[in-house]
J.: 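Here it is, the structure in full.
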2 protein chains.
Amino acid sequence: MTALPLEKAGEARGELTRQRILDAAQKLFSEHGSNGVSLRAITAEAGANSAAANYHFGSKMGLLEAVFARHATGIADERETLLQDCRAEPGRPPLLEQIVRAFLEPGMRGQHGGNGFARFRGRMLAENTEQTRELYARYFNDSTGQFLDALQDALPDLSSHDLHWRFHIMLGTMVYTLANPGRIQILSNGDCDPSDPGQALDTLVPMIAQLFRNPTMSPARTSETLHDINSIQAK
Amino acid sequence: MTALPLEKAGEARGELTRQRILDAAQKLFSEHGSNGVSLRAITAEAGANSAAANYHFGSKMGLLEAVFARHATGIADERETLLQDCRAEPGRPPLLEQIVRAFLEPGMRGQHGGNGFARFRGRMLAENTEQTRELYARYFNDSTGQFLDALQDALPDLSSHDLHWRFHIMLGTMVYTLANPGRIQILSNGDCDPSDPGQALDTLVPMIAQLFRNPTMSPARTSETLHDINSIQAK
DNA sequence: GTCTATAGCTGGATAGAC
DNA sequence: GTCTATCCAGCTATAGAC
């Protein structure tokens, strides 16, 4: 597509082929999962041959890792940068909204979240194989820990147990949104579209921030306390 | 394993083999996805041969559908029965908690949710292929619509748009919990265990009910209104 | 109803020309 | 660096004995 100045035809074409294979792999892995698509199909989509993929990436698994690594570090870095900018200050959104957005946004749009990598990531998470678990832990465990700490600081009265469970809800929502099963689009006749990153972020960030902010309701006292809470919160 | 009295050796063994193949398929599909495991591996686990599986189910895809159908109808029926029992009444949990639990519980434990089918279902949802989407829609669209209606009745002031988005969060949490990526267990040092259905339901039901109950916060006025809301809700 | 054997195919990986 | 050609493992599905 883009016509780059070619200094050395060989090298430049090599880079382009490598890039095209990565792009095709990201697209097809996203659509069919890592086991649902063949190396042959990927390289055909890229206008190359399966031998080229093995030359550049060693194996199909190497290709999968390369697709992942291409953007994962960028997402983790962007998250941490955004987190460091979060602070409670007049004229800014509430701190919790800032933290939640800092966690969700880098993976959902922008340099590393857009162009299909979001969907790829959602699918890798959903597949939940030994390999993808290891990859995900290696690239994201650090920054995730930082966000848990920041959330606990912002919510000192929330128990660690509840904090982690709400984080679990946020992760599930993120993964489900990225994987885009298209279910709520149909059920809402197209009114809700989680595959639109702008709409998804603007809608989910306040909902999830509010979820973190809700008071603890221990299961045992659910039925007694909720009447009081309803009378305060219900519109 | 179980030594049943055999009246007619042929028929009884047939049923047992069929059952063992279904059980093995459910287990291995759950662990590796529908493309990650071979018919040979399934029938080996069941102590049978791949020909037996094809005899009983026609094809590998037929086997997948049979595993799904074995419990899906039961879950949808149980959901609808539970939903019809939901009502606001002194001495019972709040209506919203009842509805949320009626939706989540049948798939997470009991006759149709336990014994690994929960995990199988989570993985099928996560795989999100044309076939699994179709299966899921066929078996669950009706009851899901009923729950959306019941929730809208219970929350007349919540916009349809917000209602669907919150339902999206509930679906994502359910799928992520069923698929059990094990991530929050590690991050919380084992304190949170979404793979324990009792703990998961008792924790998630009040959190999600509260999520539905939260007031609408349009993205545009997020920063202004949240300070008021904080002062009411923050502990 | 269950088995063995196998046909027929697909896909990952490699050898070697260019 | 990229191609063609090919090897071989592993899969689904079926034929046919029992």
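Only a predicted model underlies this, so the values are computations on that prediction, with no experimental measurement involved. We name chains A, B, ... by the order of the sequence lines, and we start the count at 1 in each one.
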J.: On a heavy-atom basis, which atom in A:Arg79 and which in A:Pro106 lie closest, and how many Å separate them?
T.: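 Reported closest heavy-atom pair: CG-CG, 3.7 Å.
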J.: How close do B:Ile42 and B:Ile21 get, counting heavy atoms only, and between which atoms?
T.: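 Minimum heavy-atom separation between B:Ile42 and B:Ile21: CG2-O, 4.0 Å.
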J.: Take atom NE2 of B:His32 and atom C1' of D:dG10, then tell me their distance rounded to the nearest Å.
T.: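 Going from NE2 in B:His32 over to C1' in D:dG10 covers 16 Å.
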J.: One thing to verify: whether A:Lys27 and A:Asp23 come together as a salt bridge, which I'm taking to mean a side-chain N less than 4.0 angstrom from a carboxylate O.
T.: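 Salt bridge: no.
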J.: Quick one: A:Ile42 CD1 to C:dT10 P, roughly how many Å, whole number?
T.: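 Going from CD1 in A:Ile42 over to P in C:dT10 covers 17 Å.
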J.: CZ of A:Arg20 versus P of D:dG1: gap in Å, rounded?
T.: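 So the two atoms are 14 Å apart, to the nearest Å.
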J.: Specify the separation, in whole Å, of atom CG of B:Asn35 and atom P of C:dT10.
T.: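 Taking CG of B:Asn35 and P of C:dT10, I get 15 Å after rounding.
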J.: Taking the six-membered ring for Trp and the full ring for Phe, Tyr or His, determine whether the centres of B:His112 and B:Phe117 are under 6.0 Å apart.
T.: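 Judged by ring-centre distance (under 6.0 Å), B:His112 and B:Phe117 do not meet the cut-off.
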J.: May I have all residue pairs that pass salt bridge (charged side-chain N to carboxylate O under 4.0 Å, His left out) and include part of residues 105-117 of chain B, sequence neighbours excluded?
T.: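 Output for this query lists B:Arg101-B:Glu105, B:Glu105-B:Arg109.
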J.: Of the candidate nucleotides C:dC3, C:dG11, D:dT2, which contains the atom at the shortest distance from the side chain of B:Ala48?
T.: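 The listed nucleotide nearest to B:Ala48's side chain is C:dC3.
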J.: Summarise protein proximity over nucleotides 13-18 of chain D in one line of letters, 5' to 3': B for base, S for sugar-phosphate only, - for none, counting protein heavy atoms closer than 4.0 Å.
T.: BBB---
J.: Nearest whole Å is fine: how far is C:dG1 P from B:Ile21 CD1?
T.: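 To the nearest whole Å, that distance equals 12 Å.
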J.: Does B:Thr17 place a side-chain N or O at less than 4.0 Å from the phosphate oxygens OP1/OP2 of C:dT2?
T.: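 So the side chain of B:Thr17 is within the cut-off, an N or O lying under 4.0 Å from OP1 or OP2 of C:dT2.
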J.: Taking the six-membered ring of B:Phe140 as reference, does the cationic atom of B:Arg121 (NZ for Lys, CZ for Arg) lie under 6.0 Å from its centre and within 45° of its axis?
T.: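 B:Arg121 over B:Phe140 ring: yes.
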